[in-house]
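Step one of this worksheet: look at the structure below.
Side chains included, hydrogens not; waters and symmetry mates left out as well; all remaining heavy atoms used. Labels below follow one simple rule: chain letters A, B, ... track the order of the sequence lines, proteins then strands, and each chain is numbered from 1.
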Amino acid sequence: MKLIVYLNTQYHLVKMNAYDHKKIEKKWQSEWAKKKIFVAKEKSQKKKCYVLDMFPYPSGEGLHVGHPKGYIATDIFSRMKRMQGFSVLHPMGFDAFGLPAENYAIKTKTNPAVGVARNVKRYKEQLAIFGFDYDWGREINTTDPEYYKWTQWIFLQMWKKGLAFESYEPINWCPSCKTGLANEDVENDGTCERCGTKVEKKPMRQWVLRITDYAEKLLSGLDEKDAEGNLYVQWPESIKELQRNWVGKSEGALVKFKIKDSEDFIEVFTTRIDTIFSGTFLILAPEHPLLEKYAPIISNKKEIIAYQKKTAEITEIDRTNATREKSGVLINGLIVINPATGKEMPVWIADFVLAQYGTGAVFADAHDRRDFDMAKKYNIPLAVSIRPATGGNVESVKSLTECFEGDGILFNSGEFDGLSSETARGKITAWLDSKGLATPKIQYKLKDWVYSRQRYWGEPIPLIHCEKCGVVAVPEKELPVKLPKVKKYEPTGTGESPLSAIDSWVNVKCPKCKGKAKRETNTMPQWAGSSWYHLRYTDPKNTKKFADPKKEKYWMPVDLYVGGAEHATRHLIYARFWHRFLFDCGYVGTPEPYKKYQYVGLIMAEDGRKMSKRWQNVVNPYEIIALYGADSMRLYEMFMGPFDQAISWNTNSMIGSRRFIERVWKLCQTMHEKDIHIKSTGTVLPSYFHRTIKKVGEDIESLKYNTAVSTLMMCLNEMESDSEVGKKQCELFLQILAPFAPHVTEELWRLFGNKKSIHVSDWPLFDPNRISESRLNIPVQINGKVRATIIADATAGEEKIKELALEDPDVAKWLVGKKVIKVIYVKGRLLSLVLA
RNA sequence: GCCGGGAUGGCGGAAUUGGUAGACGCACACGACUCAAAAUCGUGCGGAGUAAUCCAUGGGAGUUCGAUUCUCCCUCCCGGCACCA
């Protein structure tokens, strides 16, 4: 309310030169487009800078004030780089395959492409209002056949290298979406990420990408350096840590437990082979394949099948819930031999053992909480072989009243008694290895990527199933395999894609033998298109090649990548995987795609919750821009707080950045009208100006936009009371403000008579020798408390400062009757006196 | 439970990485201008005290001449992972 009154009064006072953001912003946006100043060019002699935003999904709902935050940040960064003489690539596009568009199509019975086109158009109109410096000539859309031709092509390269395989294992199945989901698409509570329905397990033929083959490279790539010793991946350490945890490397051993009266072994992966002497039983995942193989000798099959059924009904998340009580079933008839002790061990199944991790089998002992609890519940014999190295209650460990899980000292372990857990692991592995019963093994948490979706709105998987030849690739010259028009977009519910209902599309000739064959009807997940889009921007119009190597080499890697923290694992892992693969094949010149990555802190609503229709707390950016202008909006979002931190929106605070812009406007108008140039000082700039240029440049470089803006505000405060300020200083100020507030600075820049855009002008330089003041303010501490401040010449040394301090009356009064026993001088910063 | 990030005035935040705590902005108060209001400009603005001064960066200890910053313990908040063998 207050704000509307404020702005209305402004318009009552409209003068010839009043600041009219609406007029100015529109004018310069069309002028920049006309002059093509943001078009990216490959210029061999220039330094390059590739700035990338995570491209949006063009949803039907409008933008809220939080969405543009990241875009503003990259816009500021790329504008500064352009002014600093870099050849800048700052593109934008749309990630438009996926469920929302498909669900909308089902509801409206229209082709999803129609809705996508409309949303893209609207999205672009909305982005335009902010004045972003995108090179729209490179716009991409993942649903464009010219784009997904290459998504399919990359998939084929992977398939040819054996990285894509069919799997019939049970997959996550959403009964509502009627489609399979990757583990990563299932929420923590076992529900579908999209619709919230409880996810079930259902066996289904799927295409899976062998991302686990790249586990080691995804891990080591985080610390890999180029020839000059620079890290390929210069991300925040916390994000790297997230990726390391996602890959989840653990080193251990594969141990063989011989099955009694059989030649077979059960293989177990363990990281705690030091506990093997206390292994008294074995636990298999209920889905373990050996159960079927040994069915004839198992006497309690019914019980086992019942347990298997029960297990299938609960999600993996529930199975791995620490608070659930342990349960299991003894397999009657199956006995294995402990390779270390030679003793017989019964075999159980339990749902907390997962088939997908390790070998789907564990050996159990008293040194694991889960095993311990299960043994106590079913009265399974336990043994101990590790005691705490120091402290701890050894007796309660030995008497099995306490479960000791840590590393310690071995006992009851034959020749390994007395060794520490760590040493013992290597020695025991070697000992069993020599008997052919164990091998060192590295295991990863990372799971292979379930890649197919039984959906319409995705890239068709370019494979053909031939009765004679098996799976055959669609020849490259026939790509793209275009999505055919269908009548119904609904999932079939049988697990097959709607594409399977189109006989004319499905039935083809085998490319190899020309016999009868059928197309693969699964489509790719939404992650596919976003796993390589950074490459497409380097050469978006090339229909003949995946990318022009010259252009690709020129722009890659991405110098700055900005997007949501929620993508820190999935998207960034997938994109790194694809890029690594393409690098290994020689299609790209860089091992890692994104050099710098910074995540955006969410903008929350004023009530502290996430902005959502549901809470009715969404702030519409276009209402804000209509009132305050895009420049004020941009400035405010950057000034709010640290860029990577979540922060609540506060419309009241918007007024500050609007006032700031108006004061810049007023100052420049005054200089212009009165034609004030630099006075006596000529071209010499005051030191605060040098400091501002330095600080703003450094802050933009490291995305510390909040302090960059406050530095600009301080500079303006100084300028307003500085009689030496003229047009020249105003121009320099406009230049360093230009990335933040591109429209108003352009208007004033031209007002001063400049013919070319401020955004292609040269970024101002500062003089390092003029950064510091000629006079120093030195605080004087006495016993750690500041008691006085002395003013000294900048050239004054320690002796001079000390002398001045002792003369100072505020200091002197504390010295009465005391002795100075220690003097600490921090150069140019502080003097500390310690009194006895 | 584990890992990571936090906690600073009425509010958002700053602090050169161990050196004047509260920059910059919002809000608020007073003053100028105005018939009046808004806008604008100026002044003030952590708490206590007339003042000297004292207290104060979630709480408690420690290291140091000096701690928002480092160490240890505790409380709370936010993210991520979670029976991973």
Counting primed atoms, P, OP1 and OP2 as sugar-phosphate and everything else as base, the B/S/- map of nucleotides 43-48 of chain B against protein heavy atoms under 4.0 Å is ------
Looking at N717(A), I'd like to know whether one of its side-chain N or O atoms comes within less than 4.0 Å of OP1 or OP2 on G25(B).
yes
Please pick, from C26(B), G4(B), A14(B), the nucleotide with the shortest atom-to-atom distance to any side-chain atom of T707(A).
A14(B)
Let me know, please, whether L242(A) or Q781(A) comes out on the 5' side of the other along RNA chain B by nearest nucleotide.
Q781(A)
Could a donor-acceptor pair under 3.5 angstrom be found where the side chain of R829(A) meets the base of U20(B)?
no
If every non-hydrogen atom of D722(A) is compared with every non-hydrogen atom of P686(A), which pair is closest and at what distance?
OD2-CG, 3.9 Å
Is the glycosidic angle of G9(B) within 90° of 0, making it syn, or outside that range, making it anti?
syn
Contact under 4.0 Å: K666(A) side-chain N or O vs A39(B) OP1/OP2:
no
Between K377(A) and D373(A), is there a salt bridge with N-O shorter than 4.0 Å?
no
Considering only the C1' atoms, how many Å lie between A51(B) and U57(B), rounded to the nearest integer?
27 Å
Separation between the P atoms of G6(B) and G18(B), rounded to whole Å
15 Å
OP1, OP2 of U40(B) versus side-chain N and O of R659(A): anything below 4.0 Å?
yes
Does a nitrogen or oxygen in the side chain of R787(A) sit under 4.0 Å from OP1 or OP2 of C65(B)?
no
Output field dot_bracket for RNA chain B (Watson-Crick or G-U, both distances under 3.5 Å, | for other-strand pairs) contains (((((((..(((......[....))).(((((.......))))).(((....)))..(((((..]....))))))))))))....
Rounding to the closest angstrom, what is the interatomic distance between U20(B) and C33(B) at atom P?
41 Å
Side-chain N or O of K785(A) less than 4.0 angstrom from OP1 or OP2 on C55(B)?
yes
K822(A) vs C65(B): side-chain N/O to OP1/OP2 distance below 4.0 Å:
yes
As a test of reading the structure: which of C84(B), G25(B), G13(B) is closest to the side chain of F639(A), going by heavy atoms?
G25(B)
Do Y636(A) and W649(A) have ring centroids that are under 6.0 Å from one another?
yes
Ignoring backbone atoms, test whether R691(A) places a side-chain nitrogen or oxygen under 4.0 Å from the OP1 or OP2 oxygen of U16(B).
no
Those residues at least two apart in sequence (or on a different chain) that pass side-chain hydrogen bond (donor to acceptor under 3.5 Å, both in side chains) with D223(A) are R244(A)
Classify the side chain of S832(A) versus the base of C65(B) as yes if they form a donor-acceptor pair under 3.5 Å and no if they do not.
yes
Does N706(A) make a side-chain N or O approach to OP1 or OP2 of C24(B) shorter than 4.0 Å?
no
Quick check on A39(B): is either OP1 or OP2 less than 4.0 Å from any side-chain nitrogen or oxygen of R658(A)?
no
Do the side-chain N or O atoms of Q645(A) get closer than 4.0 angstrom to the phosphate oxygens (OP1, OP2) of G13(B)?
yes
Enter syn or anti for the glycosidic conformation of U17(B), syn applying to angles within 90° of 0.
syn
